[in-house]
Number of protein chains: 2
Amino acid sequence: MPTIREVAARAGVSPATVSRVMKGEVRVNAETRARVEAVIKALGYAPNVFARSLASNRLNGVGLVISHLGGPFMGRVMMTLEAALRRANVSLLVASGGGEAGREQEAVDFLLGRRCDGLIVHADALSNATLAGLAATTPLVVFNRRVPEIAEHCIHLDNECGGYLATRHLLEQGHRRIACLTGPLKQQDAAERLAGYRRALREEGIETDEHAIIEGDFTERSGEQGMATLLAREAAVTAVVAGNDDMALGAMAALRARRISMPQTISLIGYDDEACARHVVPALTTVHAPLEEMAQAAAERLLALIEGATLPPSTPFMPTLIERETVAAPGG
Amino acid sequence: MPTIREVAARAGVSPATVSRVMKGEVRVNAETRARVEAVIKALGYAPNVFARSLASNRLNGVGLVISHLGGPFMGRVMMTLEAALRRANVSLLVASGGGEAGREQEAVDFLLGRRCDGLIVHADALSNATLAGLAATTPLVVFNRRVPEIAEHCIHLDNECGGYLATRHLLEQGHRRIACLTGPLKQQDAAERLAGYRRALREEGIETDEHAIIEGDFTERSGEQGMATLLAREAAVTAVVAGNDDMALGAMAALRARRISMPQTISLIGYDDEACARHVVPALTTVHAPLEEMAQAAAERLLALIEGATLPPSTPFMPTLIERETVAAPGG
DNA sequence: CGTGTTCGTGAAACCGGTTTCATGATGGTC
DNA sequence: GACCATCATGAAACCGGTTTCACGAACACG
């Protein structure tokens with residue numbers, strides 16, 4: 001491993017000049033530069049990243065905090081993030097928190113202790129206040145979540161629109177009695193999706209039946225239970241919008257168990273477009289988030305923040321409806 | 001950010017002593033240690049990782065090279081890896097290669113350029129020779145793949161056993177005409193699974209019908225096509241073992257399209273136990289790999305290798321059969 | 001031709017740890 | 001009491017870059 005001083009010696013210049021050449025500074029004589037570059041090439045010199053980090057106080061790396069590494073979309077997100085960052089020659093450190101506030105905080109601290117230049121946080125358990133505090137001390141991008149205090153640090157999906165799209169689609173098929181199986185309403189995304197559902201009904205002049213709104217917790221089981229509750233009611237429903245695909249899957253199981261045909265008797269829409277949604281039978285109509293675009297935006301925003309830029313808040317990303325086989329006209 | 005010299009000054013000792021206290025060396029007077037520790041605590045001193053890395057020439061971090069970050073199990077694997085490494089206070093850098101040899105090599109080089117202390121490689125495209133070469137220069141663990149030249153660096157699944165288990169299970173149900181939809185046979189795992197299939201049949205004294213072995217490429221589409229080919233044959237088959245779950249899913253689609261009942265007319269077994277396998281209807285019987293255990297072993301092995309240990313080759317990990325709903329007795 | 005810029009470069013300080021080596025103190029042995 | 005081993009500690013070198021500052025040369029201007 002040649003050092004900068006060896007290169008300097010061979011090229012007959014000082015280490016300072018080599019350093020200048022390495023970072024492509026302008027204030028170097030073309031001839032000198034050529035000479036130095038030749039030596040660099042000949043020796044296969046590559047700067048020691050530790051020394052560089054120490055001197056410049058920059059890791060050239062960012063941290064990614066993820067609650068649920070095992071979750072259904074993290075792969076898609078990480079893939080894009082990693083590619084975008086590597087293009088900028090920035091490395092990606094990953095730490096997971098398992099959805100518990102304590103462990104997520106540990107993950108943040110770990111990454112900060114590694115002197116990451118910035119953080120991308122995709123976490124449920126960390127509070128808004130914590131995140132806002134974090135944003136004050138380090139370049140930060142919050143992924144898939146809107147923290148009002150630090151809107152300019154957030155990359156998020158328009159969940160209200162997603163809920164609206166799903167409900168609207170059912171409405172357009174002629175459904176009038178539409179239930180909603182929501183996620184935990186203390187969670188922002190679940191609440192927003194529900195708001196979109198309400199708006200769609202309202203626009204159509206349909207009074208929402210509050211008993212047709214059942215709060216679950218985004219798990220398959222809660223979807224199954226919610227659907228069971230729905231089916232036990234007097235007032236029959238012809239369509240259901242689920243808080244996410246997992247809940248939709250649960251709902252499908254409940255329907256199947258009762259031999260209720262889908263979409264003929266009941267139509268169903270999920271949310272997230274997980275891999276399973278395509279494979280299930282009938283294939284699940286669902287709401288798709290442009291995760292790759294969002295990840296790309298997150299990477300770009302973080303890099304800009306690290307450079308010291310101040311940016312306006314990002315506009316929310318728009319979900320789209322993926323039509324498959326679980327929706328039909330009522331009584332169809 | 002206090003430095004080690006400030007701590008030293010306040011404690012009335014030299015930086016060397018503080019350094020010794022920090023790393024818990026024994027040769028420090030208990031009283032001195034207590035004094036230094038008090039100051040460390042009071043100042044909230046944390047060593048600068050850059051300086052530490054520079055001086056010790058150690059990143060205290062390892063790199064993970066992954067072909068397909070978006071793949072179905074990476075989440076489970078990364079989760080365990082990350083947890084195990086963080087416990088050892090080692091950070092995890094991630095780089096992806098997208099399944100192309102060139103880009104995987106770039107990922108390796110990138111990580112090596114970051115001076116990772118070691119590498120965990122989960123890659124298809126890199127050749128055995130490349131990996132063997134890599135192992136010679138840096139602590140390396142190859143995940144989910146067996147490279148004979150460097151067996152002691154590999155954590156792998158006994159795919160032959162998996163293929164055997166699946167086939168054996170069908171045999172036990174009474175099937176005699178069992179087809180096999182394999183992955184690309186130039187890939188080791190696919191070939192091994194097939195070998196297990198053959199062994200199971202052989203043990204039962206059944207001559208393998210070579211036309212019932214159809215090579216695909218692990219994609220859903222190839223599973224569908226393979227199944228179509230099978231169904232077009234004269235010689236009917238009562239069961240199929242698929243190279244992986246994706247192919248099984250394709251096969252299911254082909255059966256569904258032809259209204260062939262499953263498992264009544266044809267039984268089917270997948271491999272990998274992807275998330276979908278549980279959700280599909282009927283739920284897919286499949287072969288499950290202990291990925292978490294494997295990831296744990298990979299992390300431990302890499303840390304040991306970094307410490308300079310020489311280890312015997314790891315014994316292969318054993319897959320298990322997950323019985324669900326796609327297998328029944330023939331004609332059942 | 002004197003003065004003020006600009007340019008290219010080098011010397012040296014600096015980043016903040018780790019590690020080697022030397023030193024003095026202490027304690028045990030004969 | 002002399003000698004040697006052990007222990008605790010500090011001084012200083014070292015890791016390998018970056019960056020500041022100074023300086024000489026070249027050039028522009030009046």
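Because the structure is a prediction, the values reported are computed rather than measured. All values below come from the heavy atoms of this structure, side chains included, with hydrogens, waters and symmetry mates left out.
- Following rounding to the nearest Å, B:Leu59 (CG) and C:dG17 (P) show an atom-to-atom distance of 17 Å.
- Residues meeting the ring pair (Phe, Tyr, Trp, His ring centres under 6.0 Å) test with B:His122, sequence neighbours left out: B:Phe143.
- At the heavy-atom level, B:Val49 lies nowhere under 4.0 Å from the strands shown.
- With rounding to whole Å, B:Met1 atom CE is found 14 Å from C:dG17 atom C1'.
- One finds no salt bridge joining A:Arg20 and A:Glu37 here, because no Lys/Arg side-chain nitrogen approaches an Asp/Glu carboxylate oxygen to under 4.0 Å.
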All N/O contacts under 3.5 Å from nucleotides 18-22 of chain D to the protein, with atom names and distances to one decimal?
unit_1: D:dT18; atom_1: OP1; unit_2: A:Arg52; atom_2: NE; d: 3.1
unit_1: D:dT18; atom_1: OP2; unit_2: A:Ser19; atom_2: OG; d: 2.5
unit_1: D:dT19; atom_1: OP2; unit_2: A:Lys23; atom_2: NZ; d: 2.5

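- Across the protein-nucleic acid pair, A:Arg58 atom CZ and C:dG16 atom C1' stand 19 Å apart, rounded to whole Å.
- Put simply, B:Thr3 has no side-chain N or O that comes within less than 4.0 Å of OP1 or OP2 on C:dG16.
- For A:Thr32, counting side-chain heavy atoms from C-beta on, the closest listed nucleotide (C:dG17, C:dG8, D:dG16) is C:dG8.
- The CD1 atom of A:Ile40 sits 10 Å away from the P atom of D:dG17 (whole-angstrom rounding).
- Distance CG (B:Leu54) to P (C:dG16): 12 Å, rounded to an integer number of Å.
- The list of ring-ring contact (aromatic ring centres under 6.0 Å, His included) pairs with a residue in residues 77-120 of chain A, not counting sequence neighbours, is empty.
- B:Phe50 places its CZ atom 11 Å from the C1' atom of C:dC15, with the value rounded to the nearest Å.
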B:His153/B:Leu131 under side-chain contact (heavy atoms from CB on, under 4.5 Å): CA gap, chis, key distance, verdict: CA-CA 10 Å; B:His153 294 266; B:Leu131 290 172; over 6 Å; no

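- With salt bridges taken as basic N to acidic carboxylate O contacts below 4.0 Å, none links B:Glu82 and A:Arg103.
- If you take CG of B:Asn60 and P of C:dG17, they are 14 Å apart, rounded to a whole angstrom.
- Between B:Ala30 and A:Pro2, the one whose closest nucleotide on DNA chain D sits nearer the 5' end is B:Ala30.
- Side-chain atoms of A:Leu112 and A:Leu119, non-hydrogen and from C-beta on, do get closer than 4.5 Å to each other.
- Distance CZ (A:Arg115) to P (C:dC15): 13 Å, rounded to an integer number of Å.
- Ion pair A:Arg301/A:Glu152 not flagged as a salt bridge, since none of the NZ, NE, NH1 or NH2 atoms sits closer than 4.0 Å to an Asp/Glu carboxylate oxygen.
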